[in-house]
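No experiment lies behind these values; they were computed from the predicted model shown. Atoms within a ligand are numbered from 1 in the order they appear, just like the ligands themselves. Values reported hereafter were calculated over all heavy atoms of this structure, with side chains retained and with hydrogens, waters and symmetry mates removed.
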Amino acid sequence: MFMPEWIIVTGGVLSGLGKGLTSASIAKLLQSRGYKITPIKCDGYLNVDPGTMNPIEHGEVFVQKDGGEVDMDFGHYERFLGIDTKFKWNLTSGKVFKEVIEKERKGDFLGETVQMIPHVTDEVKRRFEEIAKEENSDIVIVEIGGTVGDMENQLFLEATRQLKNEENTVHIHLTLVPYLETVGEQKTKPTQHSVSKLRELGLKPDIIIGRSDEKLESSPKEKISLFCDVKKENVISNPNIDNIYRLPLILAEEGADKQVLKELGYHNGERDMDEWEKLVENMENPDKSVKIGICGKYTDMDDSYVSIEEALKHAGAHLRTDVEPEVVCSQKIEEEGVSSLEKYDGVIIPGGFGSRGVEGKINASKYCRENDIPLLGICFGMQMMVIEYARNVCGLKNANSQEIDEKAENILIKELPEQKEIEKKGGTMRLGHYTAEIEKGSEVFEAYGREKVGERHRHRYEVNPEYHDILEKNGLTISGSSKNGLLAEFVELKDHTFYIGTQSHPEFTSRFETPNPLYKNFLEASKE
Ligand code: GLN
């Protein structure tokens, strides 16, 4: 009979301790021992997906291959594990409640009082089991978002409490162990409180991972073991680090994966992190440093461009190059000119929505084009490159995007009728994986080394096909198109160090062990 094992990860004391990264790191270690791991993330909020949430509040929206829009943690899982996650693997309270209410309306529970326990918790467990079965997983790692004690995640905690009685599970609790300067000690009380909060809910962790500034000392480890009732070797230290890709190696040193397997009753599989370790060493001993400017508008929030920054780091690890990405405010460029771009070796114009800072992005494109600075335009960024080219090279007056100015004389970027059809069906964007046909001999072909390239998308507008000819006649190559030739997927300039725009988001397919080829070539060009 098919029987997966379960790892439950909860967080205590504070949010933002890096539960996603810790879970992804443990998953990586287990994967390196030959286990098939499937990550599930449970989020308490009522949104069905986070696609409509403000990136300033929530960080970047991560787009999955199947078009799911999920939170950043899925990005960590993909980058660490090198797998394509699925929308289904993200449970939100909104998704679960919606399903239960729909079932109730259909009469599935006729005669019953529909309740949180067992109907809603059963729905959570049903989804867990379904995913495990579909994926044929050896181990499923269920990360519960938020912090123990939040009202929002009670539902998921209760479901995992029940799961513990039914299946082989190991429960990892991640907490904060602060250092109190006045007494010169790492304090364990917050951890003890957080564990007693778990106990109220009928949960008892098997492994406690303590986040701290410095490595956990022996005495706080002993205290945690004693007061929280876990074995001493199951108290794992997770100190601050500069390089997130080192975390699996640190957790391995602490024996995290070994203890997880012990608790699950598994004893086989050699850990193999050699390649990973080599890349980490590369990253930490670079032979050159490169400055990249990301010309965007979400400058207040560190996590808005996380996939782009990570994709650059992956490329850097493989090229032994240190990358210093910085977000440059496009509105500032609009108001004060392009001088703030002068210090960068390469520029990325990222995805975006709406008109704020648009002219700054267009000016940045012009600056890079005219000065032979490597430029990578992502989605909205490519649209801005095309507008700039239309205005300044093709002489198309007042060229613009329909999104910015519907009445512009030349609508270079337009919502196509096909997209409007999708809108009628409830979706509003072209989402997820689409394949482009690449022109042989182009720079994009050179980067990917193949004629068919699949990347992920998240957009409504396209380069207006009525202008493809004019653009090409004036020297802008459309080097990748959709199968029917209607949609421009990649554009490039021949006599330029690196000037490539893509309607897709190649950063979403970049992994630590296999960087995205376009980012890699972009970094290589910037390095030179
Ligand atoms: N706003 C643009 C569109 O919808 C670009 C979106 C993006 O950059 N992801 O087409």
task: Indicate whether the side chain of E284 and that of N243 have a donor and an acceptor atom separated by less than 3.5 Å.
output: yes
- request: Take S479 and T477 through the side-chain hydrogen bond (donor to acceptor under 3.5 Å, both in side chains) test and state the conclusion after the steps.
  value: CA-CA 6 Å; S479 48; T477 307; over 6 Å; no
Heavy atom of the protein closest to atom 10 (O) of ligand 1 (residue, atom name, distance): Y461 N, 2.9 Å
- line: re atom 4 (O) of ligand 1, the protein heavy-atom contact at minimum distance is R460 N, 2.9 Å
- request: Distance to 0.1 Å, residue and atom name: give those for the protein heavy atom nearest to atom 5 (C) of ligand 1.
  value: G352 O, 3.3 Å
field: Basic-acidic side-chain contact under 4.0 Å: R246, E281
entry: yes
task: Select one of side chain, backbone, both or neither to describe which atoms of E403 lie under 4.0 Å from any atom of ligand 1, heavy atoms only.
output: side chain
query: Any Lys/Arg nitrogen of R456 or E78 sitting under 4.0 Å from an Asp/Glu carboxylate oxygen of the other?
result: yes
query: Where's the contact between Q383 and ligand 1, heavy-atom distance under 4.0 Å: side chain, backbone, both or neither?
result: side chain
task: Flag F353 as yes when one of its N or O atoms lies below 3.5 Å from any N or O atom of ligand 1, and as no otherwise.
output: no
query: Given the rule in the side-chain contact (heavy atoms from CB on, under 4.5 Å) test, do N398 and D405 qualify, once you have shown the distances and angles that lead to the verdict?
result: CA-CA 10 Å; N398 196 11; D405 179 7; 4.3 Å; yes
statement: Nearest non-hydrogen protein atom to atom 9 (N) of ligand 1, with distance, is R458 O, 2.8 Å
message: Consider ring pair (Phe, Tyr, Trp, His ring centres under 6.0 Å). Of Y245, W276, F522, which one does H314 pass it with?
response: Y245
statement: Numbered in order shown, the ligand 1 atoms found under 4.0 Å of a heavy atom of H505 are 9 (N)
query: Among K88, E123, R127, which one satisfies side-chain contact (heavy atoms from CB on, under 4.5 Å) with K95?
result: R127
task: Could you tell me whether G351 and ligand 1 have an N or O pair separated by under 3.5 Å?
output: no
Taking atom 7 (C) of ligand 1 as the reference point, the nearest protein heavy atom with its distance: C379 SG, 3.0 Å
